[in-house]
Every structure is written in structure tokens, then in C-alpha cells.
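This report refers to the structure that appears directly beneath it.
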Protein chains: 2
Amino acid sequence: MKKTRNTQKQDYVIDILTNAKHTMSVEAILKAMPIKVNKTTVYRILERFAEKGKVHFVTGEDGKAYYALCNDCNVNHEMHNHIHFQCKSCKKVTCLPYEIEVPELKNFEIQETQFLMIGICDMCIS
Amino acid sequence: MKKTRNTQKQDYVIDILTNAKHTMSVEAILKAMPIKVNKTTVYRILERFAEKGKVHFVTGEDGKAYYALCNDCNVNHEMHNHIHFQCKSCKKVTCLPYEIEVPELKNFEIQETQFLMIGICDMCIS
DNA sequence: GTATTATTGCAACATTGTTGCTTTAGTGTG
DNA sequence: CACACTAAAGCAACAATGTTGCAATAATAC
Ligand SMILES: [Mn+2]
Ligand SMILES: [Mn+2]
Ligand SMILES: [Zn+2]
Ligand SMILES: [Zn+2]
């Protein structure tokens, strides 16, 4: 285990994700920062948090990474196997409280899952 | 309906995807081309094929789009709701013959699904 | 306070995909 | 075949997202 340090900027990332209703892109996190932070810093903070299991991300249909705090999504298992939904209208990606049954795959080692559904979310549906 | 034309380059894309064992990125398709083709052309060919339902794609964990021919994955339904697997070692993305049960989401309109599992594939497992 | 080194900043870069416009080439018609 | 029409392809410039190497800063232990 490497030594880690507590920093203001890491705390800000946690705060921002804690108060977020949806997953957030790096760009969105940067905009939500109360102070100026370099984007590389945010990328690396999230990378460390993901390794520690504090955070998980989904890759949207747009190819962007969207991050969310891990609350209780890895209590019973290593993978964050709930569904995510990306709205084609507002582009927001949301964690949904639906778990997917992960199939057994012979000779495959499953380490992570990313389940994404795409369409129109409840806020954008007219 | 727009008029469409049959072209040599579209045929090459179909040939390449037909003979592919895995999904392919645009880069890989370009490399597999027997003649020089512009990347914009391949992007647009795949875009047209995706609209027609000839092809579907998954966004890998790496944010890249991986394309596959639709064989019988949309016979009974509009969505291509089978699982995909991306290997962290060889990076290949494969369509797997496992269908996911799509949950009902109140007030959400589901248009597409992308189910991705990540780990080590059968070829790379030692 | 000082040393150690994890974290941050910076600049330059890589990769993937997109856009506007021009050129090329399928396709139908006479 | 010659010609018109326009879908498809090419080209160049660009946007967006993420990465890398190295220097500067600051958290922690002593
Ligand atoms: Mn999680
Ligand atoms: Mn399909
Ligand atoms: Zn929405
Ligand atoms: Zn593999």
C-alpha cells in the first residue's frame, strides 16, 4: 500500500460528487470546483479514488467517462453492477438502483461491468 | 426514405465486418481495407449502416466505438441487448450470445442498450 | 524546522471523432 | 452512350477528451 495524503482538492471532488444528482464528467467537476484546479489533477484524483473503490465510472455512449461516488454499490461485490442510463436529450448519466445478474462466462475473468441504457430520461420526457 | 447507392467502399466495410471475429474500431477497419480510404468515409459509412440496423456499436471502456455486423441481434427487438466483453489485455471487444433482460423504467424511454463486461478474455487467460 | 515524497501544475502531445466544403462517381434517363 | 442529378467520398482544419514527463508545491513524519 502506498502512503496517501489528504488534500483540499480531493475533498472538493468528494463534496461535489456527494451533492451530485447524476454522474459527472471531469469537465463538469472542474466547473463545479470553488477554486481553480488543473484538469490533470482531477483526472488523477479520480483515478486514485477509482482504485480505492471510492468512485466508479461509466463510459457514456459519447465515449466520455462519467463518475459517481460508490455509496453501497460495492458492499457485497467488487463490481458496480447496477444499470446506468444516459439521456440523449440532456446527456446526463444516472446510476439506477437496478442490479444486473452477471452471467458465468467459462474461461473469462470478469473484473468490472458497465451496463448502460440509452434513451430519454424522466426529466426530458414531455 | 433517402436514395442510397452501392459503392465499393461500403462493400469492403461489410466484407471486413463479416469476416471479423470481434467487433472492430474504425482504426482497425481502416487498416483492414484493401485500398486507401479516408477515415471520414468510414465513419460515415458506419453511421449510415447503424441507422439502417445493419451494424451496431458498443462504446468500450476506453471510450472508443467498436462496430459489429447485426446478424440476428435485432430480429425480435430493436435494441441489440446482448452482452459485450472487452479484454483489458488484448483490448478486443466481443459480442456474446447472452441477452440481458431489460427492466421496465417508469417515465424513461429506452432506445438502446450497451452492456459491457470488462476483464480478461478466454484467449488471454493464462 | 527539515526532509521526504505524494500531490499538483504546466505544457506539449496523442487519439478519436466531427464539420464544411469540394470533388468523385453511382444511378436513372433519353 | 452522353448527360443530369446528387449520394458518397476526400480533404483539411478543427474540437474534445484524455495522457505524459517533468518541475513546483505542500502534506506528513521526525
Ligand atoms: Mn460503485
Ligand atoms: Mn446488433
Ligand atoms: Zn434527461
Ligand atoms: Zn483478450
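Throughout, protein chains are lettered first and strands after them, A, B, ... in sequence-line order, and every chain is numbered starting at 1.
In this structure, CG of A/N6 is placed 12 Å from C1' of C/dT7, rounded to the nearest angstrom. In this structure, the CD atom of A/E47 is 11 Å from the P atom of C/dT7, given to the nearest Å. If you measure from atom CG of B/L46 to atom P of D/dA9, you get 11 Å, rounded to the nearest angstrom. Nucleotide D/dT25 holds its C1' atom 13 Å from the CD atom of A/Q8, rounded to whole Å. Between the CG atom of A/N38 and the P atom of D/dA23 there is a distance of 17 Å, given to the nearest Å. Following rounding to the nearest Å, B/E61 (CD) and D/dT17 (P) show an atom-to-atom distance of 18 Å. B/D62 has its CG atom 13 Å from the P atom of C/dT15, to the nearest Å. Atom-to-atom, NZ of A/K39 to C1' of D/dT19 comes out at 9 Å; the value is rounded to the nearest Å.
In summary, the side chains of B/H56 and B/H82 do present a donor paired with an acceptor at a separation below 3.5 Å, with no hydrogens or angles considered. If you check the side chains of B/D62 and B/Q86, you find a donor sitting under 3.5 Å from an acceptor.
Tested against A/M117, the residues B/I100, B/L105, B/N81 include a single side chain to side chain contact (heavy atoms under 4.5 Å, CB included) partner, B/L105.
Sequence order on DNA chain C of the closest nucleotides to B/Y66 and B/T4 puts B/Y66 first from the 5' end. The residue among A/T40 and B/V42 whose nearest nucleotide of DNA chain D lies closer to the 5′ end is B/V42.
Within 3.5 Å, no donor on the side chain of B/K64 pairs with an acceptor on the base of C/dG17, nor the reverse. At a cut-off of 3.5 angstrom, counting only N and O atoms as typed in the model, there is no donor on one side facing an acceptor on the other between the side-chain of A/R44 and the base of C/dT7.
Each of D/dA9, C/dT8, D/dT19 was ranked by its minimum atom distance to the side chain of A/T41; first place goes to C/dT8. With distances taken from any side-chain atom of B/R5 to the nucleotides D/dA8, C/dC10, C/dG17, the minimum falls on D/dA8. Considering only side-chain atoms of B/T7, the nucleotide from C/dG9, C/dT18, D/dA9 that sits closest is D/dA9.
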query = Between B/F57 and B/Y66, does a ring-ring contact (aromatic ring centres under 6.0 Å, His included) hold up when you go through it step by step?
reply = CA-CA 5 Å; B/F57 73 95; B/Y66 290 87; over 10 Å; no

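Using a cut-off of 4.0 Å between Lys/Arg side-chain N and Asp/Glu carboxylate O, A/K39 and A/E27 are scored as not salt-bridged.
For the pair B/K9 and D/dG10, the criterion of a side-chain N or O lying under 4.0 Å from OP1 or OP2 is met.
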